[in-house]
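Some notes on the structure that comes next.
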Amino acid sequence: MEKKDFEAWLENLSASFYTLTDLQKNETLDHLISLSGAVQLRHLSNNLETLLKRDFLRLLPLELSFYLLKWLDPQTLLTCCLVSKQWNKVISACTEVWQMACRNLGWQIDETVQDTLHWKKVYLRAVVRMKQLEDHEAFQTASLIGHSARVYALYYKDGLLCTGSDDLSAKLWDVSTGQCIYGIQTHTCAAVTFDEQKLVTGSFDNTVACWDWSTGAKTQHFRGHTGAVFSVDYNDELDLLVSGSADNTVKIWALSSGTCLNTLTGHTEWVTKVVLQKCEVESIVHSPGDFILLSADKYEIKIWPIGREINCKCLKTLYVSDDRSICLQPRLHFDGKYIVCSSALGLYQWDFASYEIQRIIKMPDSTNLSLLGFGDIFALLFDNHNLYIMDLRTEKLISRWPLPEYRKSKRGSSFLAGEIAWLNGLDGMNDIGLVFATSMPDHSIHLVLWKENG
């Protein structure tokens, strides 16, 4: 057939084909396929694949592809990455999608990272770590052995753990190696805190002492309390040391001279916790950068201003029950913006700018959990049998780790949280080191540590 005649015939056939119903069109195609040979069938197969399997990710502009991918969940996206190298490249480069997936898992996002493939890798690592937490496989344990009597005081900072014991000694341990760096003779320790040069101890002998790590020498002795000293804190910049005691008072001392500058009264129970820290928010009575003193007993938390003027009055008293029927548990969290404490009613979070209760988190299943650490995303809690991690966005417990029969302490001095930066969100780098430490009846220290993320 001549080309001109063929084109006319094809035009007439096409016009007739358009008038057919779908069923008639199908029957027509079936009949033509039955008449076709190998050359025609191969041609049909090649063209059908192009028409029916259009790669929209390859054809669409990248911005539009990213917009569509945002509607898919991470697991579906990972499956889509297996379709082809092109799909994997486009999906892996969709930074916003993977950043959001990481946030949903409770991971911190560093917006300065420019590598487009970085966040998919972070998400995959996050999935592994969160699965370990869910399956109770994220931690491992170790022990520190060296004391010969009850260990009553613990303090952790920057990978180092200080322990104070009834064997009249204090030891400084490298948690990563389990090695004792310093061991010095002291009095009986009810509270300890330290820096690179010095150790500060509160004692059952009613005094506070400052010691030099390198020589073991007592460099300062603070006398004036009439009851055991249960908590101490200090600040070199202010040259101040604060102490809370079983005599129901808080004392403020000159750190360098040992002189008692002020005695704060108002507590009616043992003062089991004092915290000296900078404020990070502004209110009517304080500004960011002001030093604030918190003191706590079994019923109340008192807030005191600490500046260059030593004589100060209590700014506010916080409590959870007017009739003092509900006790506060001895762990206190203060980050300069919020105060958090646990009680039988749950976790209480106060806004430091207004002193108002911002949030009450009820414990699940009527459990009575104590607070160890509190952040933007997670809280670390424990009871007599287990260590728990709570997702504060959902207020649900997402992980549990069994604890041995550790030594109980009503003042909360014989157990503590380790690294706490991860409570504001994991980032793949901060899930290392110490999670929890507690003293044991055999005078050893039981450590719970992050397991390396596989």
Side-chain angles (χ1 to χ4, degrees), residues 106 230-231 233 244 248 250 264 266-286 292-305 314-384 386-398 409-413 415-417 420 423-425 436:
F230 291 142
S231 183
D233 202 358
N248 302 349
V250 176
L264 307 179
H267 285 284
T268 57
E269 300 285 342
W270 292 358
V271 180
T272 56
K273 187 67 177 177
V274 290
V275 177
L276 183 59
Q277 188 169 322
K278 280 186 178 181
C279 169
E280 294 187 10
V281 294
E282 186 162 0
S283 74
I284 299 175
V285 292
H286 46 65
I292 299 294
L293 169 62
L294 269 62
S295 59
D297 61 34
K298 66 186 295 186
Y299 296 114
E300 298 175 338
I301 301 169
K302 290 186 177 294
I303 303 169
W304 315 82
C314 180
L315 296 173
K316 185 70 176 180
T317 299
L318 307 177
Y319 47 83
V320 298
S321 60
D322 294 333
D323 59 359
R324 299 165 70 89
S325 60
I326 304 297
C327 294
L328 297 174
Q329 294 173 355
R331 307 300 301 180
L332 180 66
H333 169 85
F334 177 53
D335 61 2
K337 298 179 290 185
Y338 303 104
I339 298 172
V340 185
C341 194
S342 58
S343 73
L345 298 178
L347 290 179
Y348 277 71
Q349 182 181 19
W350 286 272
D351 177 26
F352 196 64
S354 64
Y355 302 140
E356 298 294 330
I357 294 175
Q358 177 169 323
R359 187 179 188 185
I360 302 174
I361 302 175
K362 301 295 184 181
M363 292 296 108
D365 303 324
S366 301
T367 53
N368 189 15
L369 303 183
S370 298
L371 177 70
L372 284 167
F374 193 92
D376 296 334
I377 305 295
F378 303 112
L380 186 64
L381 311 166
F382 77 116
D383 60 17
N384 289 338
N386 293 290
L387 191 66
Y388 301 92
I389 296 176
M390 174 182 283
D391 188 328
L392 293 172
R393 299 166 300 176
T394 61
E395 299 183 5
K396 295 186 181 300
L397 300 177
I398 62 170
S409 167
K410 292 183 178 180
R411 299 185 298 102
S413 62
F415 40 79
L416 51 68
I420 59 173
L423 296 174
N424 292 321
F436 174 77

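We number each residue from 1, following the sequence as shown.
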If the condition is side chain to side chain contact (heavy atoms under 4.5 Å, CB included), which residues does [X] pass it with, not counting sequence neighbours?
X: Gln277; answer: Val275, Phe334
X: Leu380; answer: Leu372, Leu387, Ile389, Ala417, Trp422, Leu423, Val435
X: Leu315; answer: Val285, His286, Ile303, Pro305, Tyr355

Quick one: pull up [atom1] in [X] and [atom2] in [Y] and give me the separation to the nearest 0.5 Å.
X: Asp335; Y: Glu280; atom1: CG; atom2: CD; result: 6.5 Å
X: Leu416; Y: Phe436; atom1: CG; atom2: CZ; result: 7.5 Å
X: Asp323; Y: Tyr299; atom1: CG; atom2: OH; result: 9.5 Å
X: Leu318; Y: Ile339; atom1: CG; atom2: CD1; result: 5.0 Å
X: Asp233; Y: Leu294; atom1: CG; atom2: CG; result: 10.5 Å
X: Ile301; Y: His267; atom1: CD1; atom2: NE2; result: 9.5 Å

Close side-chain approach of [X] and [Y], heavy atoms under 4.5 Å:
X: Gln349; Y: Leu347; answer: no
X: Tyr348; Y: Leu328; answer: no
X: Leu345; Y: Ile360; answer: no
X: Val281; Y: Lys337; answer: yes
X: Asn248; Y: Trp270; answer: yes
X: Val250; Y: Lys302; answer: no
X: Leu397; Y: Leu381; answer: yes
X: Trp350; Y: Cys341; answer: yes

Task: Main-chain N/O of Phe415 paired with Arg331 side-chain donor or acceptor, under 3.5 Å - done: yes
Open item on the list: Can a donor-acceptor pair be found, under 3.5 Å and without considering hydrogens, that links the side chain of Ser342 to the backbone of Ser370?
Closed with: no
Task: For Tyr338, all residues meeting ring pair (Phe, Tyr, Trp, His ring centres under 6.0 Å), sequence neighbours excluded - done: none
TODO: Examine the side chains of Glu300 and Thr317 and answer whether a donor and an acceptor come within less than 3.5 Å of each other.
DONE: no
Open item on the list: Within the supplied structure, the quantity of interest is the number of heavy atoms (other residues, nucleotides, ligands) at a distance under 6.0 Å from Ile420 CD1; does it exceed 12?
Closed with: no
Task: side-chain hydrogen bond (donor to acceptor under 3.5 Å, both in side chains) partners for Asn424, two or more places apart - done: none
TODO: Verify side-chain contact (heavy atoms from CB on, under 4.5 Å) between Val271 and Leu264, making sure each step is shown before the conclusion.
DONE: CA-CA 11 Å; Val271 180; Leu264 307 179; over 6 Å; no
Task: Distance-minimising heavy-atom pair for Ala379 and Phe374 - done: CB-CD1, 4.1 Å
Open item on the list: Quick test of your reading: applying salt bridge (Lys or Arg N to Asp or Glu O under 4.0 Å), list the pairs with at least one residue in residues 342-361, sequence neighbours left out, ordered by first then second residue.
Closed with: Arg359-Glu395
